[in-house]
Asks: 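Before I ask anything, here is the structure I am working with.
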Amino acid sequence: MTVRVRFSPAPTGFLHVGSARSALFNWLYARRTGGTFILRIEDTDADRSRPELVQSIYDSLRWLGVDWDEEYRQSERFDSYRRAVQRFLDNGQGYYCDCSRDAVKARVGENAGYDGHCRDRGVVPPAEPDGGVVVRFRTPDQGVTGWDDLIRGRVEFDNSVLDDFVIVRSNGVPMFHVANAYDDLDMAITHVVRGEDLVNTTPRVLLLREALGASDHPLYAHLPLIVNEQRKKLSKRRDDVSVGDYAKRGYLPEAMRNYLITLGWGSKDDIEIRPIEEIIEQFDLVDINKAPAFFDVRKLDHFNGEYIRMLHPDRFFELSLPYAGGASTGGASTGGVDPELYRKLAQFVQERVKRFDEVPDMIDWVVGEPPEPDDKDWRKVMTKDGVSKVLDLVMERLATAEWEADVLAQVVLGAGDELGVKSQLPVRLALTGRRSGMPLFEPMAEMDRATVLARLSRARERLD
RNA sequence: GCCCCCAUCGUUCAGCGGCCUAGGACGCCUGCCUUUCACGCAGGUAACACGGGUUCAAAUCCCGUUGGGGGUGCCA
């Protein structure tokens with residue numbers, strides 16, 4: 001039997017990292033087994049689905065390198081779902097119910113679900129839609145519904161705790177359970193890999209499948225959730241979760257993909273950062289962890305830095321150039337950057353950024369204006385003995401020195417040696433506004449003499 | 001309230017009854033390298049939630065406690 005898995009996002013928002021990981025695990029399993037990976041857009045709720053978001057889901061999946069073999073849209077399959085529901089109605093597994101929410105609550109209280117009030121009342125189908133009449137599914141009163149979860153082991157629910165749930169809304173549109181059960185059956189899905197937040201809907205889907213005549217069920221694998229630092233499920237409101245936003249901030253798709261996979265799964269050999277081909281080779285659903293995992297951006301940053309350093313220099317230049325002209329957070333805006341100038345700086349940048357959006361702060365002092373030095377940095381670097389003297393000497397020699405990196409280094413470091421003072425840091429702070437950053441002299445050689453001297457003398461004046 | 005699930009360093013993954021005086025990675029700290037920072041390299045810090053069993057032997061199996069999470073919609 002060939003593996004068929006699906007990723008079924010609802011287009012109600014941008015793809016977030018949790019969904020992306022679900023997609024990834026499905027995709028990994030399909031690729032590992034030579035199976036089929038299906039993208040199924042679950043857009044049965046017209047009020048909440050936004051068609052234009054489907055494109056953004058495509059974009060995020062493609063960005064991550066997740067490709068799909070088949071695609072379906074549930075909004076195009078309503079006829080099938082309605083036929084399925086009609087069968088339930090015909091054989092008594094489904095029934096009409098005209099109870100309002102308040103009426104149910106009045107009968108059973110706040111903490112209980114539906115009480116089966118309309119099971120045998122013979123409520124008739126509404127003349128027109130939206131007359132407040134829904135279709136419910138008759139769940140068994142006894143027995144258990146369960147499955148052997150690939151990740152969690154045996155999970156069981158007493159049928160007595162399962163309410164007769166709604167399968168068709170009062171507006172005539174079938175609920176996602178129906179679509180889900182019908183499609184998994186119709187599409188011959190063999191493995192359902194999805195978030196743990198869906199475990200409790202599984203018995204409903206299982207029951208629906210049986211009502212649909214399924215002789216067996218797919219294997220289920222419920223993934224542990226990705227949580228924030230409060231250990232709560234990642235939320236679109238509270239947390240930074242949109243895959244697209246990470247792409248914009250300068251994360252590499254390979255790094256994001258690799259990191260996401262390490263949340264809940266690890267290879268036996270303890271190697272985390274590795275080509276996707278190796279991961280595909282080693283991946284198996286049964287090895288996935290049960291416990292929720294915290295989305296640690298700092299570790300993502302580390303992965304990203306590693307991937308950035310693995311980039312061919314030309315590729316790094318290409319990918320980071322658009323960020324180079326971005327506004328810097330520390331200093332003034334760098335405005336548009338001359339690509340030829342940036343090309344010379346890129347090699348130094350590549351070695352020390354973890355994200356592309358760190359590029360502007362790295363180069364602003366060469367291509368634009370440096371930020372005002374931090375007071376603490378200033379005190380630490382500039383208030384040492386001899387700083388004024390070194391600055392004077394450096395300026396004097398720089399006025400006539402040959403404008404070339406080696407010479408500049410010699411001038412600055414030489415002056416320091418002669419006076420027995422560390423000269424690199426004061427010059428760096430005066431020039432770049434920061435205590436750390438790229439190597440000093442190569443970029444400095446790309447600046448013009450007047451600008452360099454002006455910055456040095458400005459710092460020198462401040463010392464008096 | 002009811003249902004379901006989870007529990008190894010701060011974080012993440014490894015460990016699937018003896019190889020564990022618990023390993024890797026991120027973070028943090030120290031040193032080396034070095035024009036600063038970063039990279040790299042060499043070290044260090046730090047965990048089996050608790051209590052009972054089972055067993056010759058438990059981080060690993062069972063039960064309970066505690067703690068955490070998810071669900072409980074005419075959303076998916």
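Scope of the values below: all heavy atoms of this structure, side chains included, with no hydrogens, waters or symmetry mates. The sequence lines fix the lettering, A, B, ..., with proteins before strands; numbering per chain opens at 1.
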Asks: Counting side-chain heavy atoms from C-beta on, which of B:rC13, B:rG68, B:rC75 comes nearest to A:M175?
Replies: B:rC75

Asks: Can you check the distance between B:rA47 and B:rU8, where both ends of the measurement are the P atom (answer in whole Å)?
Replies: 14 Å

Asks: If the C1' atom of B:rC39 is compared with that of B:rC33, how far apart are they to the nearest Å?
Replies: 10 Å

Asks: Quick one: is B:rC6 close enough that its OP1 or OP2 comes under 4.0 Å of any side-chain N or O from A:K233?
Replies: no

Asks: Taking the side chain of A:K290 as its heavy atoms from C-beta onward, which of B:rU35, B:rU12, B:rA7 lies nearest to it?
Replies: B:rA7

Asks: Can you tell me whether the side chain of A:R48 and the base of B:rC75 have a donor-acceptor pair closer than 3.5 Å?
Replies: yes

Asks: Do any side-chain nitrogens or oxygens of A:K268 fall under 4.0 Å of OP1 or OP2 in B:rG15?
Replies: yes

Asks: Tell me which nucleotide, if any, is Watson-Crick or G-U wobble paired with B:rC9 when both distances must be under 3.5 Å.
Replies: none

Asks: Taking atom C1' in both B:rU21 and B:rG27, what distance in whole Å separates the two?
Replies: 25 Å

Asks: So, is the end of the A:R6 side chain (NZ or CZ) under 6.0 Å from the ring centre of A:F37 and within 45° of the ring's axis?
Replies: no

Asks: What is the base-pairing partner of B:rA46, counting Watson-Crick and G-U wobble geometry with both distances under 3.5 Å?
Replies: none

Asks: In whole angstrom, give me the gap between the P atoms of B:rA59 and B:rG51.
Replies: 13 Å

Asks: Tell which nucleotide pairs with B:rU36, taking only Watson-Crick or G-U wobble pairs whose two distances are both under 3.5 angstrom.
Replies: none

Asks: A:N111 side chain: which of B:rC6, B:rG1, B:rU35 is closest?
Replies: B:rG1

Asks: Nearest to the side chain of A:L413 - B:rA76, B:rU35, B:rC16?
Replies: B:rU35

Asks: Is a donor from one side chain sitting under 3.5 angstrom from an acceptor on the other, for A:Q74 and A:D183?
Replies: yes

Asks: Out of B:rC75, B:rG70, B:rU36, which has the shortest distance to the side chain of A:L425?
Replies: B:rU36

Asks: Are A:D164 and A:Y95 close enough that a side-chain donor and a side-chain acceptor fall under 3.5 Å?
Replies: yes

Asks: Between B:rU12, B:rC4, B:rC74, which nucleotide gets closest to the side-chain atoms of A:F294?
Replies: B:rU12

Asks: Under a 3.5 Å limit for both distances, which nucleotide forms a Watson-Crick or G-U wobble pair with B:rC74, could you say?
Replies: none

Asks: Per the ring-ring contact (aromatic ring centres under 6.0 Å, His included) rule, which among A:F7, A:W27, A:Y58 passes with A:W68?
Replies: A:Y58

Asks: So, A:S60 and A:H16: side-chain donor and acceptor under 3.5 Å apart, yes or no?
Replies: no

Asks: Can you check the A:D270 CG to B:rA22 P distance for me, whole Å?
Replies: 16 Å

Asks: Is it the case that the base of B:rA25 and the side chain of A:K299 share a donor-acceptor contact (distance under 3.5 Å, atom types as modelled)?
Replies: yes

Asks: Between B:rG69, B:rA25, B:rU36, spot the one nearest the side chain of A:R231, thanks.
Replies: B:rG69

Asks: Phosphate oxygens OP1/OP2 of B:rU35: is one of them under 4.0 Å from a side-chain N or O of A:R435?
Replies: no

Asks: Using the C1' atom on both, measure B:rC4 against B:rC56 and round to a whole Å.
Replies: 38 Å

Asks: If we call it a pair only when both distances are under 3.5 Å in a Watson-Crick or G-U wobble match, what pairs with B:rG17?
Replies: none

Asks: Any idea which of B:rG15, B:rC5, B:rC74 is nearest the A:V155 side chain?
Replies: B:rC5

Asks: B:rA76, B:rC16, B:rU35: which one has an atom nearest the side-chain heavy atoms of A:R169?
Replies: B:rA76

Asks: I want to check something: taking the side chain as every heavy atom from C-beta on, are A:R40 and A:R73 in contact at a cut-off of under 4.5 Å?
Replies: no

Asks: Look at the side chain of A:E110 against the base of B:rG1 and say whether a donor-acceptor pair falls under 3.5 Å; ignore hydrogens and angles.
Replies: no

Asks: Among B:rU35, B:rG70, B:rA76, which nucleotide sits nearest the side chain of A:Q424?
Replies: B:rU35

Asks: Does A:N289 place a side-chain N or O at less than 4.0 Å from the phosphate oxygens OP1/OP2 of B:rC13?
Replies: yes

Asks: Let's test this: given Watson-Crick or G-U wobble pairing with both distances under 3.5 Å, identify the partner of B:rG31.
Replies: B:rC41

Asks: Can a side chain N or O of A:T44 be found less than 4.0 Å away from OP1 or OP2 on B:rA76?
Replies: yes

Asks: Given the ring of A:Y246, does A:R249 sit roughly above its face, with NZ or CZ under 6.0 Å from the centre of the six-membered ring and within 45° of the axis?
Replies: yes

Asks: When rounded to the nearest Å, what value does the distance between C1' atoms of B:rU45 and B:rU36 take?
Replies: 27 Å

Asks: Suppose you measure atom C1' in B:rA25 against the same atom in B:rG17; what distance do you get, rounded to whole Å?
Replies: 27 Å

Asks: Considering only the P atoms, how many Å lie between B:rG18 and B:rC13, rounded to the nearest integer?
Replies: 22 Å

Asks: According to a strict under-4.0 Å criterion, is A:R152 in side-chain N/O contact with OP1 or OP2 of B:rC4?
Replies: no

